There are 2 protein chains.
Amino acid sequence: MDTNESMALADWIAVNGRDCPSRTVVEVLANKWALYVLGALRRFDRPLRFSELRRLLEGITQKMLTQTLRALERDGLIERAVYPTVPPRVEYGLTPLGVEAGRLTSAISEWSVANVAQILDARAAYDAHSEQPLERIVTSPTNA
Amino acid sequence: MDTNESMALADWIAVNGRDCPSRTVVEVLANKWALYVLGALRRFDRPLRFSELRRLLEGITQKMLTQTLRALERDGLIERAVYPTVPPRVEYGLTPLGVEAGRLTSAISEWSVANVAQILDARAAYDAHSEQPLERIVTSPTNA
DNA sequence: CCGGATCCCTGTCGATACTG
DNA sequence: CAGTATCGACAGGGATCCGG
């Protein structure tokens, strides 16, 4: 099985190595704002305006929203539609490819919501005993 | 349906708003290195050493690997085992929660590999007509 | 030697102000 | 309304040093 592992390693590197183009795709999707954008478009199931997205994605800046939308549009996951009215109206909708990607990213959001309590507990437990050593350092200023 | 949308918006904000703890979970998972770490542990289906992970995740720095492993350990997705031998041996393995998360992140990796060609085409098409204006600027240095 | 902490530097991100 | 421009802050990468 050592041989199996060597082959497995080669296979792994082939599709995950630093020069594999698929990494560039992962790096667009493995991003919280991209995930939230796809999630919103999927949840509402219709094109959304720039300002609607900004309201939905609390805390995002205009800059990051623009940047994220550009990246997703460039990769063919969303489509940008400009209506030359006044005031201007720009809508972003999912392409078929974006719908597929949205299913995967939504799964992550939903799993996070479902397991947040358990994870918060784990965090608290972890922090409880890793902060302890730090306190010890400051507790004996007696011999100065 | 305006009312439906208002309710949908409220629901959305409730689980995706800036103060929802689930965001902190998403922000751990929506990260390329976390995704690759979970992917590797899932692919090899056994605990991996620090140096094995570093080799597998080409391009990661020791610092980011350490940081990513700490974050995943803190959230209870991986477990750290130290064998006090010489040279030291530290292994990281998936917890049951980590196995679940790994399924979701692996889905993203695999989808990226499956659709990389189509996405690269979309990128090329996008770049083709957005770079055109830039070339025009540098093409007439005659009157200097 | 392996696992990891620290320092320094660069690129990205967030907040604000301004334009078509 | 839908962006772009600019600046300060902070996270990420690279090299070096440390503990076991």
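The structure displayed is predicted, hence computed values, not measured ones. Proteins come first, then strands; the chains are lettered A, B, ... in the order of their sequence lines, and each starts at number 1.
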Q) Is there side-chain contact between A:Leu29 and A:Leu104, with heavy atoms separated by less than 4.5 Å? A) no
(Q) Below 4.0 angstrom, which residues in residues 28-46 of chain A have at least one non-hydrogen atom near DNA chain D? (A) none
Q.
Side chains of A:Thr66 and A:Phe50, heavy atoms from C-beta outward: is any pair under 4.5 Å?
A. yes
**Q.** B:Arg49 side-chain N/O to C:dG3 phosphate OP1/OP2 under 4.0 Å
**A.** yes
Q.
Show, in sequence, the C-alpha distance, side-chain angles and deciding distance for B:Leu69 and B:Leu53, and conclude whether the side-chain contact (heavy atoms from CB on, under 4.5 Å) test is met.
A. CA-CA 10 Å; B:Leu69 290 169; B:Leu53 285 166; 3.9 Å; yes
**Q.** Cluster link A:Val99 to A:Leu38, ILVMFWY, side chain under 4.5 Å
**A.** yes
Q: Look at the side-chain N and O atoms of A:Tyr92 and state whether any lies under 4.0 Å from the OP1 or OP2 oxygen of D:dG3.
A: yes
Q) To the nearest Å, how far apart are A:Arg54 CZ and D:dA2 P? A) 7 Å
Q: Name all stems that contain residues of DNA chain C, defined as runs of 3 or more consecutive Watson-Crick or G-U wobble pairs, both distances under 3.5 Å.
A: C:1-20 with D:1-20
**Q.** Residue pairs involving residues 55-87 of chain B (criterion ring pair (Phe, Tyr, Trp, His ring centres under 6.0 Å); sequence neighbours excluded)
**A.** none
Q | salt bridge (Lys or Arg N to Asp or Glu O under 4.0 Å) against A:Glu73, all qualifying residues, sequence neighbours excluded | A | none
**Q.** Near-strand residues of residues 57-74 of chain B, defined as heavy-atom separation under 4.0 angstrom from DNA chain D
**A.** B:Thr61, B:Gln62, B:Lys63, B:Met64, B:Gln67
Q: Measure the shortest side-chain to side-chain distance between A:Tyr92 and A:Leu72 over non-hydrogen atoms and say whether it is less than 4.5 angstrom.
A: no
Q) How many angstroms lie between atom CZ of B:Arg46 and atom CD of B:Glu91, to the nearest 0.5 angstrom? A) 7.5 Å
Q.
Within the 4.0 Å heavy-atom criterion, would you say A:Val90 contacts the bases, only the backbone, or no part of the nucleic acid?
A. sugar-phosphate
Q: Output yes when at least one side-chain N/O atom of A:Arg80 is less than 4.0 Å from OP1 or OP2 of D:dG3, else no.
A: yes
Q. Going hydrophobic residue to hydrophobic residue with side-chain gaps under 4.5 angstrom, can you get from A:Leu41 over to B:Val15?
A. no
Q. Do A:Arg23 and B:Glu58 meet the salt-bridge criterion of a basic N to acidic O distance under 4.0 Å?
A. no
Q. When the distance from CD of A:Glu91 to C1' of D:dC1 is rounded to whole Å, what number comes out?
A. 13 Å
**Q.** Within residues 95-120 of chain A or reaching into it, pairs that qualify as side-chain hydrogen bond (donor to acceptor under 3.5 Å, both in side chains) - sequence neighbours excluded
**A.** A:Arg42-A:Ser106, A:Glu100-B:Trp111, A:Trp111-A:Asn115, A:Trp111-B:Glu100
